[in-house]
Trainee: 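First the structure, which I've put down as structure tokens, then a few questions once you've had a look.
Each chain gets a letter, A, B and so on, in the order the sequences are listed, and its residues count up from 1. Note that this is a predicted model, so its numbers are computed, not measured.
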Amino acid sequence: MAKYNPNVVEKKWQEFWAKNKTFEAKESNKKKYYVLEMLPYPSGNLHMGHIRNYTIGDVIARYKRMCGFDVLHPMGWDAFGLPAENAAREKNTHPAKWTYSNIENMKQELKQMGFSYDWDREVTTCKPEYYKWEQWLFIQMFKKNMAYKKLSYVNWCEDCQTVLAAEQVEKGCCWRCNSKVKQKELSQWFFKITDYADDLLLHCDKLEGWPQEVLTMQKNWIGKSIGASIKFQIQDREEEIEVFTTRPDTIFGATFMCIAPEHHLTSVLSKNNDNVKKFVEKIIEQSRASRDVEQLEKEGMFLDAYCINPITKKKLPIYVANFVLMEYGTGALMGVPAHDQRDFDFAQKYNIEKIAVISPDGKEVDADTLEEAYSDDGILINSQNFNGLQNREAIEKICDYFEKEKIGKKTFNFKLKDWGISRQRYWGTPIPIIYCDKCGIVPEDEKNLPVVLPEDAVLSETNPLLDIDYFKKAKCPKCGNENAKRETDTMDTFVESSWYFLRYCSPNYNEGMLNSDEVNHWAPIDQYIGGVEHAVMHLLYARYFTRVLKDMGFVNFKEPFTNLLTQGMITKETFECPNCRYLFPEEVVKKGDKYICQKCGIEVVVGKKTKMSKSKKNVVSPKELTKQYGADTIRLFCLFASPPHKTLIWNEDGIEGQSRFINRVWNLIEKYRDDIDSEEVYKGDSDKLNSWSLELYQKINLTIKKVTSDIEKFSFNTAISSIMELVNFIYLIPDGEKETQETQVIKLAIETIVLLLSPIIPHFAEESWKLLGKESVTTDEKWPTFFKDAIKTDEHTLVIQVNGKVRAKLTIDSNLNEETIKELALNNVNVQKFIEGKEIKKTILVQKKLINIVI
RNA sequence: GCCGAAGUGGUGGAAUUGGUAGACACGCUUGACUUAGGAUCAAGUGCCUUGUGCGUGGGGGUUCAAGUCCCUCCUUCGGUACCA
């Protein structure tokens, strides 16, 4: 018997697919299906996370293809980004060279996995023919005021020497290099994503094909809160301070006013007092979202000014305080110490009066005895003619009063901020803007696009574009001024990934950004697949961009991803030596329960299971595994180990089993090949079948049913296990001479198994199909269907319970009536033991399942 | 703190949505074939005090019947955080 040799077979079929352009996406009269996996950053090699993601997508693509869809399944490269610059500096090369060579390498690895991509549609975001259209879109957005420039405090990473979007700051640290993020005032480009805040929020509830947890994260990120804005007149001055509050019902309890350090009134009211200045500078230095923010003590400074509570006319001291955020609301808040914990802490520290205005039961509360703020619902007290109202009701009434008196109004606020896209880095899309002394900010002439990123940059810690004179120097498109200056900031790389999925529909279109006909044919994406870590950033930006493009008339839909599958991370434990930092597993020796560092002999800390990453040295290379077992085994293993959405703790112990399964199927085909060769496939006239072949025939149909529904719901592990059951069943068929009909059923079983496996382990399926003497390829075959009649049986197992515990099982005729079943159950010997001499209170019969006798 | 997901054998994981807990696989045990087995095939494998026994993170509840529903507590993972 010839042993199955994956290395030879896989190469052969990969060449076959490439030569025949098997997976070229074509429009026909069939229904379309667009399946897409998030594109990779070309960091050097594929890692297990990629393999898991792309295997899932590939199974879906191949399955849908067999089901008769026109499938679009493309792949590309998210090729701009800081790691390329860092690597280039380290290795003394150019980011482009590094990136393109990584792409070549990873493309090779993808091909070795047998993924069914239409490579003719490959998109590489760092190529001028791609970013040209991004620049073009930027100009359109600029013209419509959707892209604008403003001076603002931004998150600044000193190590990366660049600005970070709010979404890219994790626990006060840079998402990329983990160093602490600072606040810095810079003039920056922004996209007005907040224009769509409401729409993005609203449609979360309409995305039925998305996981609930992702929608919740997006909703929380957009963070709409409803409340009121109220104006407080400053005493003896013209200005007013406007605050936003979600609790206008507590206004009678407001005893102080707090403004953010960056608030324009801070310097005005302090009259540039040095102490205040120093205080403000200190706070601005501190990161807003710093890790220890919770422990950070509330600090403030009295500005020696007062404002008037518009409803009580009470004089409120104005403070500048470190816990007030300029970015949220109006950058000012009314302090209600009795009903807000932060205000309470602040008032406690600075000895500010507390007034209780909400009480759980409507009874008087002594605010001075409170140990913490009461922030729950209740009944209004000390609130003049609003006393006695439920606070929810009071919010409405008080807002009405504000509006009548013109001191405030009902309003709402979003946590979502405009998307800052300027990056002071080289390896990104140049922002197509020119600064002219006469004309100001002028977009580049569309005829001059793309603004090509110069190749001869000398990389440094700062933005190298600043040093390239011919790039910086520009002619003003408006007045022709030769001494205008080009923008040297590049765009956040999330901009590229916000529309690449649309470009795949017309990847080589030169007349415009998108060919609307083709985009509207293929998109929206029927199934998008990627890591849950993109739940907020990428997916929100992509939804935003699609809206912008819809409003410009390029696409006829606003939600780009109809269905979303977020696959779980792959994690692995880390080894960390106190001296040498992270270690590879091979640098560690096990001694008893302990792990010792080979180099320095010190005990190693076995860290938590975290996402595989190069820096933590807990990556597993798919390359080695593929070499050893073949791509099919790795694909099978990724799918079988765990359901797609779950975090997968890496453990390759099971991998042998997957390779074993493939060989088991192969050996099965070899075993029956000669017998079934000349036979027809069984067509379904089941009355002539003997007991095992009838059972096999039923099993075949049940398996088709189960595998189909499992793949539809992405339950690949159970789909595979039911194919395994069918294989195991065939192994149990007694050896010896077989009748024609029996051989025909076995033939059907084997062919079905191969077809069902085709999307999962395609190389193996094609090779097996050939071994079965087929002219066609499984990729072009129809997905098997099952016959309802074949699944029907006239017998079933009846489970007999006594007081809810299983005591016996019987195989009975399904057509028996209730009385007979009861009698059978009660007369059963095993049951008798339990019910002898006991009174039977009642029996419950669940049709075709079980009977429970209650004694 | 808040929001979300989860907790089932030695391990990864099943369980038709309230109806036989542990499918399928890894590992382990035994046997067969073998010069050999880390190949292959077959059998077994939740636990124990072996019985009218126990068992799905702990405790309580609803039900003829609970991994599944309700209450409560605990743990783990993810997201988020001075958001007024």
Trainee: Give the nucleotide from the list B:rU20, B:rC83, B:rG19 with an atom nearest to the side chain of A:Arg342.
Mentor: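 My answer, after comparing the listed nucleotides, is B:rC83.
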Trainee: Pick the closest RNA chain B nucleotide for A:Met569 and for A:Asp343 by heavy atoms, then say which residue is nearer the 5' end.
Mentor: A:Met569
Trainee: Mind checking if A:Lys842 touches a base, just sugar-phosphate, or nothing, with heavy atoms under 4.0 Å?
Mentor: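 Here A:Lys842 touches the backbone only, sparing every base.
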Trainee: If you only use heavy atoms from C-beta on, which nucleotide in B:rC24, B:rG13, B:rA84 is closest to the side chain of A:Leu325?
Mentor: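 Minimum distance to the A:Leu325 side chain belongs to B:rA84.
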Trainee: Contact class for A:Phe414 (heavy atom, under 4.0 Å): base, sugar-phosphate, or nothing?
Mentor: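 Answer is nothing: A:Phe414 stays at 4.0 Å or more from every strand.
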Trainee: Name the nucleic acid region contacted by A:Asp345, choosing base, sugar-phosphate or nothing; use a 4.0 angstrom heavy-atom cut-off, strictly under.
Mentor: nothing
Trainee: What nucleotide, of B:rA25, B:rC41, B:rC82, holds the atom closest to the side chain of A:Arg664?
Mentor: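 It is B:rC41.
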Trainee: Side chain of A:Met724, heavy atoms from C-beta onward: which of B:rC41, B:rC24, B:rG19 has the nearest atom to it?
Mentor: B:rC24
Trainee: For A:Phe346 together with A:Phe256, are the ring centres under 6.0 Å from each other?
Mentor: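 Ring centroids of A:Phe256 and A:Phe346 are less than 6.0 Å from each other.
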Trainee: So what does A:Val846 touch, heavy atoms closer than 4.0 Å: a base, only the sugar-phosphate, or nothing?
Mentor: base
Trainee: For the side chain of A:Thr718, counting heavy atoms from C-beta on, which of B:rC83, B:rC24, B:rA15 is nearest?
Mentor: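 Given the options B:rC83, B:rC24, B:rA15, the side chain of A:Thr718 is closest to B:rA15.
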Trainee: Does A:Lys646 put a side-chain nitrogen or oxygen below 4.0 Å from OP1 or OP2 of B:rG13?
Mentor: yes
Trainee: Please work out if A:Gly657 contacts a base, only the sugar-phosphate, or nothing of the nucleic acid, heavy-atom cut-off 4.0 Å.
Mentor: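 The residue A:Gly657 makes sugar-phosphate contact but no base contact.
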Trainee: Donor-acceptor pair under 3.5 Å: do we get one between A:Asp653's side chain and the base of B:rC26?
Mentor: no
Trainee: Report which part of the nucleic acid A:Gln658 touches: base, sugar-phosphate, or nothing (heavy-atom distance under 4.0 Å, all strands).
Mentor: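 Here A:Gln658 touches the backbone only, sparing every base.
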Trainee: Could you check which of B:rG13, B:rA23, B:rU20 has an atom nearest any side-chain atom of A:Ser721?
Mentor: B:rA23
Trainee: Does the ring centre of A:Tyr629 sit less than 6.0 Å away from the ring centre of A:Phe637?
Mentor: no
